[in-house]
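Side chains are part of it too, since the values below use all heavy atoms of this structure and drop only hydrogens, waters and symmetry mates.
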Amino acid sequence: MDQIAFGEYLAMLEYKLGRRDELDRRIEALAVEPSYKEAVGRLCCLKGISTRAAMVLVTEIGDFRRFEHPGKLMAYVGLVPTEHSSGGSRRRGSITKAGNTRVRHVLVQAAWNYRYPPRHRAVLKRRQQGQPPDAVARSWKAQNRLHKVYKRLAFRKNSKIAAVAVARELAGFVWALMQEDAAEQAGTPPENIDKEHTAS
C-alpha cells in the first residue's frame, strides 16, 4: 500500500515538474517577442534578474512611465516603510507589504544576490551581451551600491532587513533602466534619472 501511495505521489511530482518546465519554456519564448525583448534584455543586465523574473516585472507593472518617480514604484510594490506619526514625532516601521506581491517577491529574491561582492560573472556577462552600454554600466553601479547597502545593514541589523532594503533600492534601478528604455524608444533622453533612481 505504501509503495502504491509513493508511486502516485512520485508520478504527480514528475507531472508538475514537467508542467513547470513547459511553462518556463513558453515564458522564455515570449521574452524574445518584439513587445518584450528590449525591456527584458535591459532588466536581465541586473544581477539577480533572470528572464523569468524580468517577465514578471514587465507583465505585472506594464507601463513604467506611469511612475514619475522611483519612490512611487517602491510604494506600488509595498517596499516603503510604514510611518506612525504623533504630534511632531515620526516613527518608521516595517514595510507596508501593500501592492503587487509578485513583483515584491521577485525583487526581494533578486536582492539576496547582492550579499556577494561585485563581480563580472560569466552568466551575467552572457545576459548583458548585445545590450545597451548604459544598461550594462547601470548594472555595475547597482552591484557596487547595493552590496554596500546590504553589508552595512546586515552588520547593523540583520540579513532579512538588509535584503528588503536592497530590494527597495533595486526597484529604483529597475525604474531607471525602464525610463531609459522608454526614452530610447521615444528618441528623447530621460532627465535626472541618475539623481532619482534610489530615492525613497
Side-chain angles (χ1 to χ4, degrees), residues 20 23-24 26-28 30-31 35-36 38-85 90-116 118 123-124 127 135 138-139 141-182 193 196-200:
R20 181 203 63 187
L23 290 172
D24 284 347
R26 289 188 187 181
I27 292 169
E28 296 278 346
L30 278 172
S35 53
Y36 298 116
E38 286 188 26
V40 168
R42 274 184 171 272
L43 290 173
C44 284
C45 288
L46 290 168
K47 184 178 179 180
I49 303 290
S50 65
T51 300
R52 291 187 295 278
M55 282 293 283
V56 170
L57 295 173
V58 171
T59 56
E60 290 289 329
I61 294 173
D63 188 357
F64 283 79
R65 290 172 298 180
R66 63 194 170 112
F67 303 103
E68 59 191 32
H69 189 273
K72 292 190 175 181
L73 174 59
M74 296 170 192
Y76 172 74
V77 298
L79 285 170
V80 293
T82 55
E83 282 195 6
H84 304 280
S85 301
R90 273 175 40 186
R91 187 169 60 85
R92 299 184 112 187
S94 59
I95 59 169
T96 63
K97 293 187 180 179
N100 194 303
T101 57
R102 295 182 191 88
V103 173
R104 184 169 66 250
H105 175 76
V106 163
L107 291 171
V108 172
Q109 290 304 306
W112 286 105
N113 289 273
Y114 293 91
R115 68 189 187 274
Y116 302 114
V123 173
L124 184 58
R127 293 206 309 259
R138 195 170 292 281
S139 168
K141 184 176 180 180
Q143 281 207 54
N144 283 280
R145 178 179 174 85
L146 299 184
H147 175 66
K148 286 176 185 175
V149 170
Y150 179 87
K151 197 172 175 182
R152 185 181 74 246
L153 290 177
F155 176 76
R156 285 173 44 209
K157 298 186 177 181
N158 65 56
S159 59
K160 288 183 180 178
I161 290 173
V164 170
V166 168
R168 180 165 55 248
E169 292 214 15
L170 180 57
F173 280 98
V174 166
W175 177 88
L177 275 175
M178 298 312 291
Q179 297 303 313
E180 288 168 352
D181 180 56
I193 284 177
E196 294 183 348
H197 75 271
T198 56
S200 57

Apply side-chain contact (heavy atoms from CB on, under 4.5 Å) to the pair M178 and L43, showing each step before the final yes or no. CA-CA 8 Å; M178 298 312 291; L43 290 173; 3.8 Å; yes
Under the side-chain contact (heavy atoms from CB on, under 4.5 Å) rule, what do Y76 and R66 come out as? Steps first, then yes or no, please. CA-CA 11 Å; Y76 172 74; R66 63 194 170 112; 3.7 Å; yes
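Side-chain contact between R127 and L124 is present, with heavy atoms from C-beta onward closer than 4.5 Å. Inter-residue side-chain proximity for F64 and V174 is flagged as met; some heavy-atom pair is nearer than 4.5 Å. Here the side chains of P81 and R168 are in contact, with some heavy-atom distance below 4.5 Å. Looking at heavy atoms from C-beta onward, I61 lies out of side-chain contact with N100 at the 4.5 angstrom threshold. Side-chain contact between L57 and I49: present, with at least one pair of heavy atoms (C-beta onward) separated by less than 4.5 Å.
Looking at every heavy atom in both residues, L170 comes nearest to L107 through CD2-O, 3.9 Å. Between A142 and L46 the shortest heavy-atom distance is CB-CD2, 4.0 Å. Summarising the geometry of V166 relative to A111, their closest heavy-atom pair is CG1-CB, 3.6 Å, with the distance given to 0.1 Å. M74 and A171 make their closest contact through CG-CB, 4.0 Å (heavy atoms, listed as atom of the first residue, atom of the second, distance). Shortest non-hydrogen contact noted between G71 and V80 is O-CG1, 4.4 Å. Closest non-hydrogen pair, G78 versus R104, comes out as O-CD, 3.9 Å.
Between the side chain of W175 and the main chain of L73, no donor-acceptor pair closer than 3.5 Å is present. Not a single donor-acceptor pair under 3.5 Å links the side chain of Q143 to the backbone N or O of Y116. Judged purely by atom type and a 3.5 angstrom limit, N113 uses its side chain to pair as donor or acceptor with the backbone of A110.
Partners of R52 according to the salt bridge (Lys or Arg N to Asp or Glu O under 4.0 Å) rule, which considers only residues two or more places apart in sequence or in another chain, are D24, E28. Residues that satisfy the ring-ring contact (aromatic ring centres under 6.0 Å, His included) test with Y36, not counting sequence neighbours, are absent from this structure.
Cation-pi geometry between R145 and F173 is not met at under 6.0 angstrom from the ring centre and within 45 degrees of the axis.
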Please list, one pair per line, the donor and acceptor atoms closer than 3.5 Å that link side chains of residues 148-160 to other protein atoms, with sequence neighbours excluded.
residue : atom : partner : partner atom : Å
N158    : OD1  : K160    : N            : 3.0
N158    : OD1  : I161    : N            : 2.9

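Rounding to the nearest 0.5 Å places NE2 of H147 at 11.5 Å from CZ of R115.
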